[in-house]
Asker: 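Encoded as structure tokens, here's the structure I'll be asking about.
Residue numbers begin at 1 in each chain, while the letters A, B, ... track the order of the sequences.
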Amino acid sequence: MTSESIVVEGLTRRYGDVVALRGLSFEVRPGEIVGFLGPNGAGKSTTMKILTGYLSATEGEARVAGLSVREDSEAVREKIGYLPENVPLYEEMIVHDYLRFVAEIRGVARARRSDRIMEVGRLTGLTHMLGRTISELSKGYRQRVGLAQAIIHEPEVLILDEPTTGLDPNQIVEIRDVIKSIGQEKTIIFSTHILQEVTAVCDRIIIINRGELVADGTLEELEDRMSELRPGLIVGFDGEAGGELREFLEALPGVTEVTEVTGRVASFLVIADDDEEVRKALIEAEAESPRGLVELRRAEASLEAIFRLFTADTEGEEATEEESAAAEHEHEEEEEEEKESADG
Amino acid sequence: MDKIFFVMKRELGTYFNSPVAYIVVILFLVITGALFWLSFFQEISVVSMRGFFDQAPLFLAFFAPAVTMGLFATERRSGTLELLMTMPISNFQIVSGKFLAALVLLGVVFVMTLPYPYTLSVLGDLDWGAVAAGYVGLMLLGGAYAAIGLLASSFTRDQVVAILVAFSICFFLYLIDQLVSQPTGTMAQVVEYISTSYHFQNIARGVLDTRNVVYYLSVIGLCLVWTTLSIGARRW
């Protein structure tokens, strides 16, 4: 037995010749809310499908609550709640009947079913919608039904595949709050490419790209790593940006790169081996500056920057044909599914 | 067992909440009813259900696939099958539940044809034993066609493809002994053995032979197992 809620070891998944996951490994501790980040086609959905037992791994091992997804598939499925991308629901059913059906299949004891339906209805804000037909619901409410079915049997682990995609900003905030309140007692792993979501909800972030782990840590840890990897200073001058400002900055000792950044003032991102050295040199040299120095600060390691930094290779020439094919394959599949769900 | 029942219950609810079930039931009753009463008035001296039992299998070859066409195809299309398969229920339980739902719907249709033999029995001396055997035969045949329809439905996301494939198979199995003119020897045996109508004729005559029953049950079993493998193909 292990104390980890989710253990993924060397997970590889091929679709024919196409490789969607290549030796992915990570662990999630009980009670953690983990944001699973990556560009389209990174393998997020594939990983989640393997964790839920819907897909098999070509190689490697996945364990949920100490049980092997491969060997104890049914036992694992009792312990997880899963919300697939695009929230597939039985359109013609009434919300209440649907939740009852899920409770039955998920093995909620007969005596507790009605209580659980009311309970998850309250938790997800569906109480007034229980009598509606699912096809009549707005996207936000459909998402709530999807969440409600995933938690009705009080699973230890929740797997949510892009739970906020396609919602309006208010709905996103509401669904996030629901996830947060559920997350107080459960392990949650959810995928997203909305980066603010991760900062708003998650304890930890896992970033994958092309089927490989590129980053794993808390938001703070990743920000630290970011500043180690790419130190930079934002230097702003009074007035318009001009060549002489750039030359002035480039002449400072230790400066390796100067890029203009857009801002209200003439701002530059200065990359150097040692930020502090440049900072000192800049202040000493201020008198010689062509314009007045109005801003000097450390460049922020925004999540966008982290994301770009860790997944930057995607567009690069390093991408082999096979890899881009893998990304494309998954992407196409997603699109196809989206199209079809839109048709239906 | 419980879970099979829950799946069946949900499917039946879906049937009776959508127009499909009603259209299928009404069409089946209208067509078989029209033919039944037509022959009833033509051969009013014959108190027998043979006419009905001779024709029903042909319509069943179309109606059973109509009942089953959406069972997997719509779930594949909407993605609900993925969600269902990640719940603690085995693939075979899912398949069985859906199959039973189709069987129950066909059973309801057959029950609604009971006024035909009842009318006959009022008018003359009806052999209820033969009628009972005929209905058992209809259920077996309906089950076999439904199982074929379920299998076809599990292959595709498109209901139309599902019904066409299933109908083609059912129709082929229905006609095969007539397609081959004057079969002889082994060929004849093979053709007769796989023909659904050959087995049905025996039962409709009032003879419930184990061989015929075994034939239908094996078609059902084979198709259900194959369907289970078909929906699980993505899993391992």
Side-chain angles (χ1 to χ4, degrees), chain A residues 15 45 48-58 69-70 72-94 97-98 100-108 110 133-135 146 149-150 152-153 155 159 161 336-344, chain B residues 1-23 69-98 101 156-162 228-236:
Chain A
Y15 295 97
S45 292
M48 294 190 149
K49 282 175 184 177
I50 291 171
L51 285 175
T52 57
Y54 180 65
L55 279 182
S56 62
T58 312
V69 168
R70 191 185 292 270
D72 296 307
S73 177
E74 208 158 320
V76 166
R77 283 182 272 150
E78 279 173 15
K79 292 182 189 297
I80 56 168
Y82 175 44
L83 174 63
E85 213 180 340
N86 303 322
V87 200
L89 299 170
Y90 296 108
E91 301 292 330
E92 73 286 350
M93 288 183 94
I94 290 167
D97 294 354
Y98 174 66
R100 174 167 295 273
F101 169 69
V102 176
E104 287 166 347
I105 298 291
R106 298 255 200 217
V108 177
R110 179 190 290 271
T133 305
I134 291 175
S135 58
Q149 66 79 24
I152 196 155
H153 55 306
I159 297 173
D161 200 352
E336 192 186 332
E337 277 166 17
E338 263 166 40
K339 191 171 148 274
E340 292 202 339
S341 64
D343 291 348
Chain B
M1 259 330 269
D2 276 2
K3 288 179 179 172
I4 296 177
F5 173 75
F6 295 141
V7 171
M8 181 188 85
K9 199 177 68 175
R10 201 201 71 77
E11 291 295 346
L12 284 174
T14 302
Y15 273 145
F16 290 104
N17 272 322
S18 79
V20 178
Y22 296 101
I23 293 172
M69 64 180 177
L71 287 175
F72 279 110
T74 50
E75 287 222 38
R76 261 194 203 281
R77 172 169 289 252
S78 66
T80 47
L81 187 61
E82 176 183 345
L83 190 51
L84 188 57
M85 284 172 69
T86 59
M87 293 184 193
I89 177 170
S90 72
N91 292 356
F92 189 68
Q93 286 172 322
I94 298 174
V95 172
S96 313
K98 285 174 183 285
T156 172
R157 297 173 166 209
D158 193 331
Q159 295 196 53
V160 178
V161 171
T228 308
L229 297 176
S230 157
I231 63 165
R234 275 191 86 175
R235 198 175 265 177
W236 305 135

Asker: Distance check, rounded to the nearest 0.5 Å: Asp97(A) atom CG versus Thr14(B) atom OG1?
Answerer: 9.5 Å
Asker: Can you measure from CG (Leu83(A)) to OG1 (Thr86(B)) and round to the nearest 0.5 angstrom?
Answerer: 10.0 Å
Asker: How long is the straight-line distance from CG of Leu55(A) back to CD of Glu82(B), given to the nearest 0.5 Å?
Answerer: 7.5 Å
Asker: So which residue, Met93(A), Glu74(A), Glu104(A), ends up with the most heavy-atom pairs under 4.5 Å with chain B?
Answerer: Glu104(A)
Asker: If I compare all heavy atoms of Phe6(B) with all of Phe101(A), which pair ends up nearest, and what's the gap?
Answerer: O-CE1, 3.7 Å
Asker: For chain A, which candidate among Asn17(B), Thr80(B), Leu81(B) shows the most heavy-atom pairs at distances under 4.5 Å?
Answerer: Thr80(B)
Asker: Determine the sole option in Thr52(A), Val102(A), Ile80(A) for which the side-chain contact (heavy atoms from CB on, under 4.5 Å) test with Met87(B) is passed.
Answerer: Val102(A)
Asker: Out of curiosity, Tyr90(A) OH to Leu84(B) CG, how far, rounded to the nearest 0.5 Å?
Answerer: 4.0 Å
Asker: Select, from Glu75(B), Lys9(B), Arg10(B), the one with the greatest count of heavy-atom pairs under 4.5 Å involving chain A.
Answerer: Arg10(B)
Asker: Do Val7(B) and Ile105(A) touch side chain to side chain, with heavy atoms closer than 4.5 Å?
Answerer: yes
Asker: Closest approach of Ser78(B) and Pro88(A), non-hydrogen atoms and distance?
Answerer: O-CB, 3.1 Å
Asker: Minimum heavy-atom separation for Arg106(A) to Pro88(B), with atom names?
Answerer: CA-CG, 4.0 Å
